[in-house]
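Since the structure comes first, as structure tokens, the remarks are kept for the end.
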Amino acid sequence: MSNVTALEAQHVLQTYKRQPVVFVRGEGSRLFDENGRAYLDFISGIGVCVLGHAHPGLAAVIAEQSKTLIHTSNLYYHPLQGQLAAKLAKMSGLQRAFFCNSGTEAVEACLKFARRYWYSKGIKNRTQYVALEHGFSGRSMGALSVTANANYRAPFEPLIPGVTFIAPDDIKGLEAAVTERTAAVIAEPIQGEGGVRPLSPEFAAAIARVTKATGTLLIADEIQCGLGRTGRPFHFQSFGWTPDLITVGKAIGSGIPIGAALVAEYVAKEIFAGDHGTTYGGNLLSTRAALYVLDELDRLAPQIKAMGALFEQKLAALQSQHQVISGVKGAGLMQGLHLSVDALPVIEASLKAGLLVNRTAEKVVRMLPPLTVTAAEIEEATRILDGALRSVSATEARATEGAEGFDGSVEVKA
Ligand SMILES: Cc1ncc(COP(=O)(O)O)c(C=O)c1O
């Protein structure tokens, strides 16, 4: 551990606050640290490793493809991009795909394609975007411009101008913000980094109505909530949206970096050779992996639904046991425990007890288990969380008792 951290401290740019653990191996829903200790992984590389770790089928496909052909660039054809695009078209209803290497790049592509659409139509002042408070779409200059968190944005301003953020329950604000200058509205059907917050059906319906009424393009950011995690190919399908563009990332490669911008045919017609590009995007290795992952997710769909329902049930039971849980939000295998206190001690206590979950939006314990998770693993995770919440509540109670003044008043913590 000390060698690893010392070397990183010396040479790796310090942009991440890491948990104090070094992982060297994985198997299914477990990760193993350098001392051989097993951890139940309920964050799965932030919603990425949907088939679990060291999946034999995925490993075989990657090995075989790497011995055949990994990369040729987008100067030439290869057989797999079309197959993957066709599969995604069937899942999403959007005819075309542009392949890239991450979620951020998928967002970046969609923001460009939305502008290009209006530019091609000769409407050159339709350049603005509407995004949501608590939304997260990445940290490149474009994606950051439609990401709400002021702490992420401030050091890098000025960002792309003309972005309006709306609270995700402010229907009047949305109606006022979307104008004939708006190129696109971008929204996550379930906000992930911003605290696992599903859009309400009313607000989701308002987005559909307002974009349709004004002809504004709708970009569904499905990078975290999409591809089966909530029991549907895409979570927007639960709202009945018909987005014009969809971002895909994370789960699609189960760890092999790949992202995609999915584009409706009428938008695609306004985009031309040279408008966008990437050297790696959609190479043979990543598209082969993605084809395998999507087939597996199809096959697992009934099990994923059943495990999602079980997880929801177990977390509801956990909430009834713990006052400190103010809400359980999410859908299926994307869940957040909203606490009335800082979530970090719960994350740390869980790690100590062998469960990986993460904190987001300060007071939220986020859980994104592999989609291969079993009922026994869900039982085990909720049992560990129960213990972690008990220990944190006990510490809180002691701190509150200790903070009582002579007159019985409780000190307010800074
Ligand atoms: C909804 C959403 N959009 C975009 C991104 C950015 O994706 P990536 O980190 O793969 O570039 C994320 C990452 O967490 C995300 O959750």
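Both ligands and their constituent atoms are indexed starting at 1 by order of listing. All values below come from the heavy atoms of this structure, side chains included, with hydrogens, waters and symmetry mates left out. In this text the structure is predicted, and so the values were computed from the model without any measurement.
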Q) Who's the nearest protein heavy-atom neighbour of atom 2 (C) of ligand 1, and how far? A) Phe136 O, 3.3 Å

Q.
To check your reading of the model: name the closest protein heavy atom to atom 16 (O) of ligand 1, its residue, and the distance in Å.
A. Gln224 NE2, 2.7 Å

Q. Looking just at side-chain N and O atoms, do Gln81 and Asn74 make a donor-acceptor pair shorter than 3.5 Å?
A. yes

(Q) Would the distance check show the side chain of Gln303 and the main-chain N or O of Leu300 forming a donor-acceptor pair, the cut-off being under 3.5 Å? (A) no

Q.
Tell me whether Arg37 forms a cation-pi arrangement with Tyr39, defined as NZ or CZ under 6.0 Å from the six-membered ring centre and within 45 degrees of its axis.
A. yes

Q: Enter the distance from Phe236:CZ to Ile246:CD1 here, rounded to the nearest 0.5 Å.
A: 3.5 Å

Q: State which residue, out of Ile207, Leu174, Val178, fulfils the side chain to side chain contact (heavy atoms under 4.5 Å, CB included) condition with Ile166.
A: Leu174

(Q) Can you tell me if Gly192 contacts ligand 1 (heavy atom of the residue under 4.0 Å from the ligand)? (A) no

Q | Asp221 neighbourhood, listing ligand 1 atoms whose heavy-atom distance to it stays under 4.0 Å | A | 1 (C), 2 (C), 3 (N), 4 (C)

Q: Could you label the plane-to-plane angle of the Phe239 and His235 rings as parallel, tilted or perpendicular, counting under 30° as parallel and over 60° as perpendicular?
A: perpendicular

Q: Give the atoms of ligand 1, by number and element, whose distance to some non-hydrogen atom of Gly103 is under 4.0 Å.
A: 7 (O), 8 (P), 10 (O), 11 (O)

Q.
So if I count the atoms of ligand 1 from 1 in the order they appear, which ones are less than 4.0 Å from some heavy atom of Ser102?
A. 11 (O)

Q. So between Glu188, Lys250, Glu105, Arg139, whose heavy atom ends up nearest atom 1 (C) of ligand 1?
A. Glu188

Q) To the nearest 0.1 Å, how far is atom 9 (O) of ligand 1 from its closest protein heavy atom, and which atom is that? A) Thr104 OG1, 4.1 Å

